[in-house]
Amino acid sequence: MLGSDLVKFDIRGDERGSLVAVEGGNDVPFDIARVYYVFGTVEGVSRGFHAHRNLRQVAIAVQGSCTMLLDDGHDRRSVHLDDPSVGLHIGPMTWREMHDFTPDCVLLVLANQPYDESDYIRVYEEFTAAIETLAR
Ligand code: T46
């Protein structure tokens, strides 16, 4: 699917445990301008339901798990995130929904731009219309 890929990070493990280091421009394909994390998600709650016009992000379930549904306007797929050494790169113009959070889930997100509400498309019909316009 265009606009989303899994990224595997090296685990710097030793007898003390494990460590993953993520460098912008190296381990993720952009400079990191913002980091946020989603945690304490109430049971049964889903999040997301939007696309971004320009934003690129990598999401990592550093604890617990959730399922990311991705939609590029043509195809949909679900990616289960449950490995702190795996990131999901989500490019621009990709509708995303997050489901099935485990109570302990901590979803870490690295973004290439600061928060900007005007970059969001929060209505699905507006998203598909924008995809069609881009295809013309
Ligand atoms: C995304 C998925 C994976 C901020 O003030 N700054 C921020 O950097 C972010 C991300 C959010 N907010 C505020 C905006 C809302 O008042 O935090 C509140 C919750 O944000 P939102 O409803 O957009 O959260 P999610 O979990 O639906 O989506 C978030 C990201 O917004 C989004 O970019 O791709 O996680």
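In what follows, every heavy atom counts, from backbone to side chain, and hydrogens, waters and symmetry copies are set aside. As the structure lists them, so they are numbered: ligands from 1, and atoms in each ligand from 1.
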Response to the item:
among protein heavy atoms, the one nearest atom 31 (O) of ligand 1 is Tyr120 OH, 2.5 Å

Discussion item. Does the protein come close to atom 15 (C) of ligand 1 - that is, does one of its heavy atoms sit below 4.0 Å from that atom?
Written reply: no

Worksheet, complete the sentence: Honestly, for Phe49 the part within reach of ligand 1 (heavy atoms, under 4.0 Å) is neither

Fill in: side-chain contact (heavy atoms from CB on, under 4.5 Å) between Asp116 and His52, worked out
CA-CA 10 Å; Asp116 175 9; His52 288 279; over 6 Å; no

Discussion item. To the closest 0.5 Å, what do you measure between OG1 (Thr67) and NE2 (His80)?
Written reply: 5.0 Å

Worksheet item: In terms of residue, atom name and distance, what is the protein heavy atom nearest to atom 21 (P) of ligand 1?
Response: Arg122 NH2, 4.3 Å

Discussion item. For atom 10 (C) of ligand 1, what is the closest protein heavy atom, and at what distance to 0.1 Å?
Written reply: Arg34 NH1, 3.4 Å

Practice prompt. Could you check which of Ala51, Ser46, Gly48 puts a non-hydrogen atom nearest to atom 27 (O) of ligand 1?
Written response: Gly48

Discussion item. If I take atom CG from residue Asp10 and atom CG from residue Leu19, how far apart are they, to the nearest 0.5 angstrom?
Written reply: 11.5 Å

Worksheet entry | Working for side-chain contact (heavy atoms from CB on, under 4.5 Å), residues Gln57 and His89 | CA-CA 6 Å; Gln57 304 191 105; His89 177 229; over 6 Å; no

Worksheet item: Does Glu97 approach ligand 1 within less than 4.0 angstrom via side chain, backbone, both or neither, non-hydrogen atoms only?
Response: neither

Discussion item. Ignoring hydrogens, what is the shortest heavy-atom contact between Phe30 and Leu110? Give both atom names and the distance.
Written reply: CZ-O, 3.6 Å

Response to the item:
Taking every heavy atom of Gly91 against every heavy atom of Arg56, the minimum-distance pair comes out as CA-CG, 4.4 Å

Worksheet item: Taking both backbone and side-chain atoms of Tyr115, is any N or O found less than 3.5 Å from an N or O belonging to ligand 1?
Response: no

Worksheet item: With the threshold set at 4.0 Å, does a side-chain nitrogen-carboxylate oxygen contact exist between Arg53 and Asp119?
Response: no

Worksheet item: With a 4.0 Å cut-off, strictly under, does atom 18 (C) of ligand 1 pick up any protein heavy atom?
Response: no

Response to the item:
Within 4.0 Å of some non-hydrogen atom of Arg96, the atoms of ligand 1 are 1 (C), 34 (O)

Discussion item. Checking a contact table here: which protein heavy atom is nearest atom 24 (O) of ligand 1, and how many Å away?
Written reply: Arg47 NH2, 3.4 Å

Fill in: Exercise: identify the closest heavy-atom pair between Leu81 and Leu107
CD1-CD1, 4.1 Å

Worksheet item: Can you tell me which residue and heavy atom of the protein come closest to atom 30 (C) of ligand 1, and the distance to 0.1 Å?
Response: Tyr36 OH, 3.1 Å

Worksheet item: Which of the numbered atoms in ligand 1 are below 4.0 angstrom from a heavy atom of His52?
Response: 32 (C), 33 (O), 34 (O)

Worksheet item: Parallel, tilted or perpendicular for Trp95 and Tyr124, by the 30°/60° rule?
Response: perpendicular

Practice prompt. Could you tell me how the ring of Phe49 sits relative to the ring of His99: parallel (under 30°), tilted (30 to 60°) or perpendicular (over 60°)?
Written response: perpendicular

Worksheet item: Relative to ligand 1, is His50 under 4.0 angstrom through side chain, backbone, both or neither, heavy atoms considered?
Response: side chain

Worksheet item: Any protein heavy atom sitting closer than 4.0 Å to atom 12 (N) of ligand 1?
Response: yes

